[in-house]
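Basis for what follows: all heavy atoms, side chains included, without hydrogens, waters or symmetry-related copies. Here is how names work: the chains are called A, B, and so on, in the same order as the sequence lines, proteins then strands, and each is numbered from 1. Only a predicted model underlies this, so the values are computations on that prediction, with no experimental measurement involved.
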Amino acid sequence: MKEQSYRKLERVTNRSRFKGIYNQGVWRSSQHFTSVTCGNTQGVKRLGITVTKKTGKAVKRNRIKRLIREFFRLNKNLFPAEHDVVIMAKRNMPPRLTYQKACDELTELFTRKNNI
RNA sequence: GGAGAAGAUCAGAUGAUCGUCGGCAGAAUUUAUCUGCCGGAGGAAAGUCCGAGCUCCACAGGGCAGGAUGGUCGCUAACGGCGACUGGGGGGCUCACCGCUUUUCCGGUGACGGAAAAGGCAUGGUAAACCCCAUCCGGAGCAAGACCAAAUAGGAGAACGUUUAAGGGCUGCCCGCCUGAAGUUCUCGGGUAGUGUCGCUAGAGGCGGCAGGCAACUGCCGUCCCAGAUGAAUGAUCAUCGUUGCGUCGCGGGUAACCAAAACGCAAAACAGGACUCGGCUUAUGAUCUUCUCUUGUG
RNA sequence: GGGGUCGUAGUUAAGUUGGUUAUAACGCCGGCCUGUCACGCCGGAGGGCGUGGGUUCAAGUCCCAUCGGCCCGC
């Protein structure tokens with residue numbers, strides 16, 4: 001499989017799996033994002049993204065999801081192996097989010113988590 | 001130059017790298033995976049305010065209730081939409097107001113205007129509220145609906161009923177109809193629920209030409225295929241060009257204030273993302289162009 | 001995505017042929033009672049129809065647009 005891909009196999013697509021991650025996972029948060037990490041039995045790193053309607057309208061939500069996906073693709077080494085990670089966007093998201101700022105904040109969030 | 005109205009067009013472009021959804025072909029060959037090619041959001045995709053197609057409710061029947069519309073003619077699959085023509089747009093009631101009549105005060109040379117009080121419901125006007133009249137409307141909605149896989153199987157309560165049938169469904173009610181020969185219906189609880197399949201995209205379709213019509217629109221011919229996701233696909237980074245604004249410099253123009261080409265640097269680029277599909281309406285919003293109206297300055 | 005329902009004082013609500021100054025309870029303020037507080041009694045104030053237009057002499061009510069909250073579905 002290609003290194004920088006993001007296929008359906010690497011996504012969390014089931015509602016019951018989301019609930020399981022919320023119940024058993026470890027919660028971390030930064031200024032604009034919240035992450036939940038939980039081990040899985042599939043042998044791959046998987047990512048789920050949650051952006052609720054309270055964050056904004058459809059254009060804004062799609063953009064946030066694309067930026068988070070891009071961060072996952074290009075920084076897979078920061079994610080723990082055989083774990084499911086859910087990244088949630090908070091309500092105070094700035095209207096014009098650039099990839100550079102999102103990448104910086106998420107990098108800081110995940111490197112801090114690995115140190116603990 | 002400024003303000004406003006109406007209409008039309010576009011919604012930055014190209015390339016590279018990484019990545020994504022669908023289709024086709026090949027490798028591999030149960031899936032999974034890899035490679036190549038092609039295609040991949042809007043004028044409003046939005047709000048869900050109207051109208052339809054389509055699907056289910058057995059058929060989609062009659063009356064009442066309820067809802068919607070209200071000048072005429074036409075267009076259309078249909079409409080509350082659109083076009084043209086008209087300049088007012090169905091009929092009625094009155095406790096409110098205006099108007100009407102009388103008196104007083106104020107302003108004015110005056111016509112008259114303003115304010116207050118009373119009279120009267122005999123006369124006029126005004127509502128998208130109420131009554132009547134005409135026309136139209138069965139209900140729900142793709143989470144409609146059909147199939148496969150998986151899973152248990154039968155538990156508790158309530159209502160009604162067992163022979164001139166109850167109950168249920170079709171519409172809120174009635175008639176009528178359908179189902180129903182001993183159970184039926186409702187509620188609660190329990191089990192299962194998938195990277196499932198179809199519906200799912202060729203359509204009242206787009207573009208061009210000709211003809212008819214004042215127009216909305218219609219007919220004929222040619223040509224094109226243009227998203228089908230389901231925790232939900234269009235993105236990120238870089239480069240070049242282009243648009244706009246600002247700053248530096250100032251080829252040039254001008255008596256002057258000033259206007260300014262080329263170059264360089266910086267910044268900006270709106271509203272907004274399909275979710276069964278169309279026709280409208282409404283709302284949000286950037287730029288350019290055309291026509292018209294008002295106003296200011298100069299010649 | 002589809003359908004429905006609601007928005008009125010600080011809070012919970014009432015408000016229908018459209019027509020006096022938009023109402024009630026709790027809350028708030030002052031007084032009485034008590035050694036003090038609460039309860040109770042008496043009196044009072046304040047401020048509100050989500051927002052913007054329209055119809056009308058007059059709109060919480062009718063019409064249009066818009067914003068926000070809540071509920072339902074195989």
If we take the [atom1] atom in both [N] and [M], what is their distance in whole Å?
N       : M       : atom1 : answer
C50(B)  : G141(B) : P     : 13 Å
A11(B)  : U31(B)  : P     : 43 Å
U195(B) : A232(B) : P     : 15 Å
G242(B) : A272(B) : C1'   : 24 Å
U163(B) : G15(C)  : P     : 50 Å
C82(B)  : G213(B) : C1'   : 16 Å
G12(B)  : C249(B) : P     : 36 Å
G228(B) : G176(B) : C1'   : 47 Å

For this session: Please work out whether the ring planes of F72(A) and F79(A) are parallel, tilted or perpendicular, with thresholds of 30° and 60°.
Result: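 F72(A) and F79(A): perpendicular rings.
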When rounded to the nearest 0.5 angstrom, what distance separates [atom1] in [X] from [atom2] in [Y]?
X      : Y       : atom1 : atom2 : answer
I87(A) : L109(A) : CD1   : CG    : 7.5 Å
N40(A) : I21(A)  : CG    : CD1   : 8.0 Å
C38(A) : Q24(A)  : SG    : CD    : 5.0 Å

Partner nucleotide, any strand, of [N] [Watson-Crick/G-U, under 3.5 Å]:
N       : result
C62(C)  : G54(C)
A8(B)   : U288(B)
C133(B) : G70(B)
G48(C)  : none
G297(B) : none
C142(B) : none
G35(C)  : none
A128(B) : none

Rounded to whole angstroms, how far apart are [atom1] on [X] and [atom2] on [N]?
X      : N       : atom1 : atom2 : answer
M88(A) : G231(B) : CE    : C1'   : 14 Å
I49(A) : U20(B)  : CD1   : C1'   : 12 Å
R61(A) : A233(B) : CZ    : C1'   : 16 Å
L74(A) : U237(B) : CG    : P     : 11 Å
N62(A) : A45(B)  : CG    : P     : 18 Å
N75(A) : U237(B) : CG    : C1'   : 13 Å
E70(A) : U17(B)  : CD    : P     : 16 Å
F72(A) : U20(B)  : CZ    : P     : 12 Å

Going by the glycosidic torsion and a 90 degree boundary from 0, is the base of [N] oriented syn or anti?
N       : value
A41(B)  : syn
U123(B) : anti
C42(C)  : anti
G43(B)  : syn

Ignoring backbone atoms, establish whether [X] has a side-chain N or O less than 4.0 Å from OP1 or OP2 of [N].
X      : N       : value
R11(A) : A232(B) : yes
K53(A) : G68(C)  : no
R69(A) : A233(B) : yes
R63(A) : A236(B) : yes

Exercise. Are V86(A) and W27(A) joined in one hydrophobic group, where the rule is that I, L, V, M, F, W and Y side chains link up if heavy atoms are under 4.5 Å apart?
Worked result: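 V86(A) and W27(A): one cluster.
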Problem set entry | Short N-O contact, E10(A) and R73(A), less than 4.0 angstrom |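 Between R73(A) and E10(A) there is no salt bridge, as every charged N stays at least 4.0 Å from the carboxylate O atoms.
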Problem set entry | Any donor-acceptor pair under 3.5 Å from R46(A) side chain to V12(A) backbone |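 Flag not set: sc R46(A) to bb V12(A) has no pair under 3.5 Å.
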Problem set entry | Which residue lies more 5' along RNA chain B, comparing F18(A) with R66(A) via nearest heavy atoms |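 Comparing both residues, the 5'-ward one is F18(A).
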For this session: Please figure out whether K60(A) or R73(A) has its closest RNA chain B nucleotide nearer the 5' end.
Result: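 Closer to the 5' end of RNA chain B: R73(A).
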Problem set entry | Minimum heavy-atom distance K90(A)-T55(A), with the two atoms named |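 Closest pair (atom of K90(A), atom of T55(A), distance): O-CG2, 3.6 Å.
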